[in-house]
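Reckoned from all heavy atoms, side chains included, excluding hydrogens, waters and symmetry mates.
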Amino acid sequence: MAYLGECPDESTKVKAALAALGLAWPELWQAIRDGEEQRQTANRYQPRSAGGLKDWIARVGTLRETLDGRDWRYVDDYQIPLSINPHNTLGVGVLLGNEKTGQEPASAQGPRSRYPKGPKVAEVAARNEQLELPLTELNDPAQDDQDVNDVLYPELEVWFLVTYRVIDLQPPDLEAAVRVYSELSLPGRTSGTTTPVYIDRWLKRIPLPPSTFRLNPQTPPDADENLGDIPEGL
């Protein structure tokens with residue numbers, strides 16, 4: 001798919017914040033870009049959710065593949081696809097947000113997850129505030145003989161690459177485009193008391209540069225479509 005522009009430049013502040021986590025904006029952008037490319041391969045014969053599912057699979061896969069080249073591990077602990085750094089102190093997953101995704105300043109309230117999440121994600125979010133609650137590795141075949149209660153990640157923080165996709169039907173060049181707003185953020189304990197819950201509280205946020213992609217006119221609408229509601233101030 002031909003796409004508009006290259007990876008947008010990040011600010012010095014964003015570059016430093018990501019570097020402190022052992023990450024770089026081009027790595028995250030490539031996952032966003034590959035997700036958008038795969039989303040636009042959906043056709044009218046496929047289920048309406050096909051585009052969003054393809055996008056999610058590509059974002060997870062590209063992020064894992066990229067970080068795997070730097071000795072990060074990819075795991076599915078707690079049924080959450082994650083990439084974990086070599087020190088087992090930082091995990092990164094992906095999440096869809098709402099119109100507040102990517103908004104400055106970083107101290108702003110931040111987004112809410114587009115869809116409710118189950119108890120595992122809620123537990124991970126709460127654990128970011130209470131690291132004494134351990135995560136255990138459930139799905140790694142290499143650990144088949146290990147008790148699932150063994151503590152493998154006693155200091156792991158789980159961050160999410162949060163994205164919000166908007167179709168701009170009236171861009172300056174009169175060609176429909178897709179804007180993807182994003183941030184890398186650390187969730188905290190959710191405000192809900194029962195599951196499923198929405199992730200709506202953030203301990204740390206790193207708003208990332210908006211990305212623009214060309215819209216394939218043959219791609220049918222999908223369940224994640226947002227038309228023209230460009231977040232205010234972006």
Undergrad: Could you tell me whether the side chain of Ser113 and the main chain of Pro116 form a donor-acceptor pair under 3.5 Å?
TA: no
Undergrad: Atom CG in Leu82, atom CG in Leu67: separation rounded to 0.5 Å?
TA: 11.5 Å
Undergrad: Flag yes if Tyr74 and Val158 sit in one hydrophobic cluster, no otherwise; membership is Ile, Leu, Val, Met, Phe, Trp, Tyr, and two members link when side-chain heavy atoms are under 4.5 Å apart.
TA: no
Undergrad: Output all residues satisfying side chain to side chain contact (heavy atoms under 4.5 Å, CB included) with Ile57, sequence neighbours left out; order by chain, then residue number.
TA: Leu53
Undergrad: Using the side chain to side chain donor-acceptor pair (under 3.5 Å) criterion, which residues pair with Glu65? Sequence neighbours excluded.
TA: none
Undergrad: Verify side-chain contact (heavy atoms from CB on, under 4.5 Å) between Arg165 and Ile167, making sure each step is shown before the conclusion.
TA: CA-CA 7 Å; Arg165 179 180 185 266; Ile167 295 180; 4.1 Å; yes
Undergrad: List the steps, then state whether side-chain contact (heavy atoms from CB on, under 4.5 Å) holds for Leu215 with Gln40.
TA: CA-CA 8 Å; Leu215 178 65; Gln40 296 200 32; 4.2 Å; yes
Undergrad: Write down the atom of Glu37, the atom of Thr41, and the distance for their closest heavy-atom approach.
TA: O-CG2, 3.4 Å
Undergrad: Same cluster or not: are Leu21 and Leu186 linked, directly or through other Ile, Leu, Val, Met, Phe, Trp or Tyr residues, by side-chain heavy atoms under 4.5 angstrom apart?
TA: yes
Undergrad: Looking at Trp56, is its backbone amide N or carbonyl O close enough to the side chain of Arg39 to form a donor-acceptor pair, meaning the two atoms are under 3.5 Å apart?
TA: no
Undergrad: Should Ile84 and Leu156 count as side-chain neighbours, where that means a heavy-atom distance under 4.5 Å?
TA: yes
Undergrad: Quick check for you: to the nearest 0.5 Å, what is the distance between Ser182 atom OG and Ile206 atom CD1?
TA: 11.0 Å
Undergrad: Provide the closest heavy-atom pair for Pro81 versus Val60 in the form atom of the first, atom of the second, distance.
TA: CB-CG1, 3.8 Å
Undergrad: At their closest point, which heavy atom of Pro111 faces which heavy atom of Lys100, and how far apart are they?
TA: CA-CB, 3.8 Å
Undergrad: So, Asn128 side chain and Pro187 main chain: donor-acceptor pair closer than 3.5 Å or not?
TA: yes
Undergrad: Going by salt bridge (Lys or Arg N to Asp or Glu O under 4.0 Å), name the pairs with one or both residues in residues 9-19, residues two or more places apart or in two chains.
TA: none
Undergrad: Residues two or more places apart in sequence or in another chain: which of them pass side chain to side chain contact (heavy atoms under 4.5 Å, CB included) with Pro8?
TA: Trp25, Trp29, Pro209, Ser211
Undergrad: Supply the atom-to-atom distance Arg201 CZ to Glu129 CD, rounded to the nearest 0.5 angstrom.
TA: 4.0 Å
Undergrad: Contact between Leu63 and Arg59 at the side-chain level, heavy atoms closer than 4.5 Å - yes or no?
TA: no
Undergrad: State, to 0.1 Å, how close Gly35 and Ala58 come at their nearest heavy-atom pair, and which atoms those are.
TA: CA-CB, 3.7 Å
Undergrad: Would you check if Tyr115 and Leu96 make a side-chain contact, meaning some heavy-atom pair closer than 4.5 Å?
TA: yes
Undergrad: With sequence neighbours excluded, tell me which residues meet salt bridge (Lys or Arg N to Asp or Glu O under 4.0 Å) with Arg70.
TA: Glu27
Undergrad: Go through the structure and list residues passing side chain to side chain donor-acceptor pair (under 3.5 Å) with Ser185, not counting sequence neighbours.
TA: Glu183
Undergrad: Does any part of the side chain of Tyr164, heavy atoms only, come nearer than 4.5 Å to the side chain of Arg179, both counted from C-beta?
TA: no
Undergrad: Using only atom types and a distance under 3.5 Å, with no angle test, would you say the side chain of Arg205 pairs donor to acceptor with the backbone of Thr101?
TA: no
Undergrad: Checking Thr89 now: which residues fulfil side chain to side chain donor-acceptor pair (under 3.5 Å) with it, not counting sequence neighbours?
TA: Asn85
Undergrad: For Thr62, give me all partners under side chain to side chain donor-acceptor pair (under 3.5 Å), at least two apart in sequence or on another chain.
TA: Asp34
Undergrad: Report yes if some heavy atom in the side chain of Pro210 is under 4.5 Å from a heavy atom in the side chain of Val180; otherwise report no.
TA: no
Undergrad: Check the pair Thr163 / Val94 against side-chain contact (heavy atoms from CB on, under 4.5 Å), numbers first and verdict last.
TA: CA-CA 8 Å; Thr163 55; Val94 303; over 6 Å; no
Undergrad: Do the side chains of Lys117 and Glu123 get close enough for a salt bridge, i.e. N-O under 4.0 angstrom?
TA: no
Undergrad: Do Val92 and Leu23 have side chains that get closer than 4.5 Å, going by heavy atoms?
TA: yes
Undergrad: Does the side chain of Val121 come within less than 4.5 Å of Ile199's, by heavy atoms?
TA: yes
Undergrad: Applying side-chain contact (heavy atoms from CB on, under 4.5 Å), run through Leu18 and Leu184 and close with a yes or a no.
TA: CA-CA 9 Å; Leu18 293 178; Leu184 186 72; 3.7 Å; yes
Undergrad: Partners of Gln46 by side chain to side chain contact (heavy atoms under 4.5 Å, CB included), sequence neighbours excluded?
TA: Ala42, Asn43, Ala50, Lys54
Undergrad: As an exercise, state the distance from CH2 of Trp202 to CZ of Phe160, rounded to the nearest 0.5 Å.
TA: 7.0 Å
Undergrad: According to side chain to side chain contact (heavy atoms under 4.5 Å, CB included), who are the partners of Arg112, at least two apart in sequence or on a separate chain?
TA: Asn98, Tyr198, Asp200
Undergrad: How close do Asp68 and Trp72 get, heavy atom to heavy atom, and via which atoms?
TA: OD1-O, 3.4 Å
